Amino acid sequence: MDADVTLVLPDGAEKVVPTGTLPADVVRSIGERLLLAAVAVSIDGEVQDLMTPLRKGGAFRVLTERDAESLPVLRHSAAHVLATAVRRLRPDAKIGFGPAIDDGFYYDFEVTSPFTPDDIAAFEAEMRRVTQEKYPFVRAEVDLPEARVRFADDPLKLERLDDFTDPAEIISTYTDGPFVDLCRGPHVTDTGRLKHFKLLSSAAAYWRGDEKRQMLQRIYGTAFFKKDELEQHLFRIEEAKKRDHRRLGKELDLFMLHPYAPGATFWTERGTTLYNLLVDFVRERQQRNFAEIKTPLLYNKALWEQSGHWGKYKENMFLVLDNESGEHEFSLKPMNCPSHYLMYLAKKHSYRELPKRFVTFDVLHRNEVTGALSGLTRVRQFAQDDCHVFLREDQITEEVKFLTDFILGYYESFGLSATLKFATRPEQRVGDDAMWDRAEQSLRAALESTGRSYELKEGDGAFYGPKIDFDVTDSLGRAWQLGTIQLDYANPERFDLTYTGEDNATHRPVVIHRAVSGSFERFIAILIEHFAGAFPTWLAPEQVRVLPISLDQAAVAAAIVERMVAAGIRASLDDRNETLKYRVAEGARMKVPYMCVIGRREADADQVAVNTRGAGEGQKPAPVAVEDFIARVIAETKTRALSLTAGA
RNA sequence: GCUGACGUAGCUCAAUUGGCAGAGCACCUGAUUUGUAAUCAGGCGGUUGCGAGUUCGAUUCUCGCCGUCAGCUCCA
């Protein structure tokens with residue numbers, strides 16, 4: 001082993017120090033003040049703390065509070081501070097893991113009785129004390145027997161120690177004041193670095209994520225370097241609650257759920273309008289290159305045995321009792337794929353027809369476990385904008401590009417952007433390795449030919465093939481998995497799908513499974529939250545509300561509504577015996593894009609005074625000729641404009 | 001499915017240690033006919049999720065079931 005390591009500083013200068021030198025000493029040699037500002041260092045992009053001896057050289061950067069890589073270090077330390085506080089107040093608590101996560105950190109504890117909200121508040125107060133006591137994080141490297149002695153009272157840590165099978169692997173502990181944890185690091189220098197944090201919730205979690213193991217109590221929290229960043233984060237959480245589709249779905253009268261049909265949606269008149277508009281939109285986009293079909297909802301189990309679902313997916317299927325046989329021989333379909341194969345099999349196909357794209361909006365049922373159900377994002381009954389492409393192997397690249405553009409273009413029309421994830425073979429799968437090699441290789445090559453960047457999700461593919469997932473980020477920065485492109489060599493084999501090639505011989509097509517919205521239910525949930533219920537005009541269930549000021553204008557207003565409706569606008573009349581103020585307030589609450597007020601002046605001039613959603617209270621509505629207003633709303637609807645313009 | 005919390009009028013929420021179940025909004029009726037973010041008055045509305053148990057008495061305590069929520073597991 002080389003006795004020295006070479007560090008390359010950002011300015012290109014090289015620094016050679018003995019192996020085992022602490023980064024803190026290197027930073028001090030650059031500058032005392034830098035040491036005070038330093039949170040950690042980065043060596044060839046790998047973050048390490050100031051008290052971990054240098055073992056290799058490379059590009060050396062000092063990370064301060066301004067560097068994004070520093071935040072997980074702070075949060076990981078916050079988790080230790082939490083554990084320190086919990087151990088002080090609840091010495092019986094056994095410690096599990098406490099990592100930094102995307103929005104903060106958590107720590108798992110094994111306790112005999114779960115934490116209460118009061119406990120959480122007490123822990124947070126105790127954490128405050130631990131930070132004020134400014135304990136340094138002290139790193140120690142120990143051997144396995146020593147580690148076993150040190151964590152003799154912590155069964156979860158002992159189990160973790162069993163994983164250390166490579167004697168060369170370094171086992172380290174971090175100590176802050178009274179608390180010692182088995183931990184790889186990195187950490188901030190002392191508990192005093194943690195200033196702006198908050199505990200958010202506690203819930204149970206399986207030890208090591210395994211549902212067969214015991215449940216631990218997990219406490220979630222978040223931490224930031226700056227106070228305003230913490231406040232902004234907490235504000236975003238509050239905003240997210242206001243946008244919650246379950247809340248807005250009720251307030252805007254879009255849908256309801258009922259205990260008699262758990263996991264299934266009752267769409268109200270408004271919600272159904274919205275739903276149908278989305279289906280229409282997808283239909284319109286799929287008019288040219290796709291073939292829409294409808295297939296049965298209920299199938300004999302023979303189909304599921306052939307598809308492999310009976311073995312792998314039966315738990316999630318709703319079985320239907322056959323009265324004659326007294327057996328559960330039928331099942332509601334949980335996906336459309338097999339029915340599309342049956343349609344494909346009904347005819348002989350020429351290579352000239354391919355790619356052949358079947359699309360279906362049929363209702364699907366999946367018997368999700370009760371605990372998984374959640375609003376519209378996780379339901380038992382839903383519909384996908386499902387597509388199965390039958391194609392020749394040499395068409396994969398072009399098809400993947402076509403579908404990727406199709407999907408991303410769809411999201412763009414809502415102002416949503418997506419990140420791509422490439423998912424490879426899972427543990428539970430059908431087909432041999434040769435098939436998977438081939439499928440992964442061709443899908444990956446196709447993905448790369450699109451020139452778009454993507455992340456790798458190892459082992460996350462479908463059981464019949466690798467896939468590209470499209471994770472959409474909403475206006476609050478939260479990611480949702482919606483669209484998918486899945487390459488399938490297995491099912492063409494199982495269902496003996498064929499086409500006749502140019503050579504007049506029989507060939508095996510490849511199948512691509514594609515969804516864009518994921519499900520309409522989930523997509524609508526995301527749209528509700530993305531737009532905070534303020535849908536663009538083309539999607540708004542009620543586009544225009546007409547308000548006559550008094551009874552004198554009621555007839556004129558009704559006639560104007562008629563003209564709007566005749567022109568294709570979803571307009572309604574509110575001539576209730578209420579004050580104008582009241583009706584304007586309600587229209588605003590319902591997030592109607594345009595409210596047209598009609599008083600004597602407007603009635604005489606065939607005009608409307610247009611209130612535009614979002615222009616705020618006390619806006620000065622400009623009078624617009626009725627015909628002009630109608631034309632503007634129609635244009636806005638046709639172009640599917642994302643922002644309101646007709647009122648301007 | 002697992003852990004925990006919760007379930008009161010259509011909605012949002014109240015109801016001392018177990019002692020007559022309330023308010024605002026919505027809805028209905030009347031007055032008012034309104035020029036831009038909730039006009040006034042009156043009224044209707046409940047087997048407190050369902051079912052047992054303890055008790056003189058249960059919204060309140062106990063148990064079971066159903067549902068919802070936060071997570072975990074799973075997932076479009």
Side-chain angles (χ1 to χ4, degrees), chain A residues 106 108 111 113-117 200-220 241 244 246-247 250-251 253 256-263 313 315-316 334-335 364 366-380 382-386 460 462 467 469-472 480-484 486 513 515-523 525-526 547-554 575-590 595-603 609-611 613 615-621 623:
Chain A
Y106 68 77
D108 285 343
V111 282
S113 62
F115 301 130
T116 65
L200 297 171
S201 62
S202 81
Y206 295 107
W207 168 233
R208 301 197 135 180
D210 183 345
E211 61 179 322
K212 292 185 182 63
R213 304 297 302 270
Q214 72 267 42
M215 298 216 87
L216 308 181
Q217 291 300 313
R218 175 171 297 178
I219 300 177
Y220 286 94
K241 279 185 197 158
D244 190 310
R246 291 165 297 196
R247 174 184 174 143
K250 204 175 271 177
E251 286 173 9
D253 191 26
M256 65 167 223
L257 300 170
H258 193 280
Y260 282 178
Y313 203 76
E315 300 302 303
N316 284 304
M335 59 268 299
L364 304 175
R366 297 184 186 175
N367 198 354
E368 303 290 350
V369 296
T370 51
L373 300 179
S374 178
L376 295 184
T377 54
R378 199 69 188 281
V379 289
R380 284 183 173 150
F382 59 97
Q384 295 181 320
D385 45 3
D386 212 355
D460 206 38
K467 59 177 181 171
D469 281 335
F470 293 75
D471 283 10
V472 162
W480 299 88
Q481 203 231 294
L482 297 182
T484 187
Q486 308 178 350
H513 307 245
V516 182
S517 297
S519 74
F520 284 102
E521 282 73 6
R522 180 175 288 183
F523 194 67
I526 288 156
L547 316 177
I549 287 179
S550 79
L551 273 177
D552 294 342
Q553 292 88 38
D575 62 352
R576 287 177 301 171
N577 179 14
E578 298 288 352
T579 59
L580 183 61
K581 275 177 189 288
Y582 176 91
R583 288 175 289 152
V584 167
E586 196 194 77
R589 203 171 53 242
M590 294 303 283
M595 278 184 283
C596 294
V597 172
I598 299 173
R600 183 177 311 176
R601 291 196 298 273
E602 289 77 16
V610 182
N611 289 261
R613 184 189 62 206
E617 291 183 28
Q619 60 178 287
K620 295 269 177 283

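Remember, predicted model here, so these are calculated numbers, not experimental data. Lettering follows sequence order; numbering is per chain, from 1. No hydrogens, no waters, no symmetry mates; every other heavy atom, side chains included, goes into these values.
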Query raised in the report: Can you check whether A/Lys250 has a side-chain N or O nearer than 4.0 Å to OP1 or OP2 of B/G10?
Result: no

Contacts of A/Gly371 and A/Gln553 projected onto RNA chain B by closest heavy atom; the upstream (5') one is A/Gly371

In numerical order, the residues of residues 204-213 of chain A whose heavy atoms come under 4.0 Å of RNA chain B are A/Ala204, A/Ala205, A/Tyr206, A/Gly209, A/Glu211

message = Does B/G1 have its OP1 or OP2 closer than 4.0 Å to a side-chain nitrogen or oxygen of A/Thr370?
response = yes

- Query: Distance check: side-chain N/O of A/Arg246 vs OP1/OP2 of B/C69, anything under 4.0 Å?
  - Reply: yes

Query raised in the report: Looking for any heavy atom pair under 4.0 Å, which part of the strands does A/Ala515 touch: base, sugar-phosphate only, or nothing?
Result: nothing

**Request:** Looking at every strand, decide which applies to A/Glu586 at a 4.0 Å heavy-atom threshold: base, sugar-phosphate, or nothing.
**Result:** nothing

Between CE of A/Met215 and P of B/U3 the distance, given in whole Å, is 7 Å

Can you see if the side chain of A/Tyr220 gets near the phosphate of B/C72 - specifically, an N or O under 4.0 Å from OP1 or OP2? yes

B/G71 phosphate, OP1 or OP2: any side-chain N/O from A/Arg378 under 4.0 angstrom? no

Check the phosphate of B/G49 against A/Tyr260, side-chain N and O only, distance under 4.0 Å to OP1 or OP2. Yes or no? no

With a 4.0 Å cut-off on heavy atoms, is A/Gly616 in touch with a base, just the backbone sugar-phosphate, or nothing at all?
base

> So what does A/Gln214 touch, heavy atoms closer than 4.0 Å: a base, only the sugar-phosphate, or nothing?
Replying inline: nothing

Secondary structure of RNA chain B per the Watson-Crick/G-U criterion (both distances under 3.5 Å; [ ] crossing, | other strand, . unpaired) is (((((((..((((.....[..)))).(((((.......))))).....(((((..]....))))))))))))....

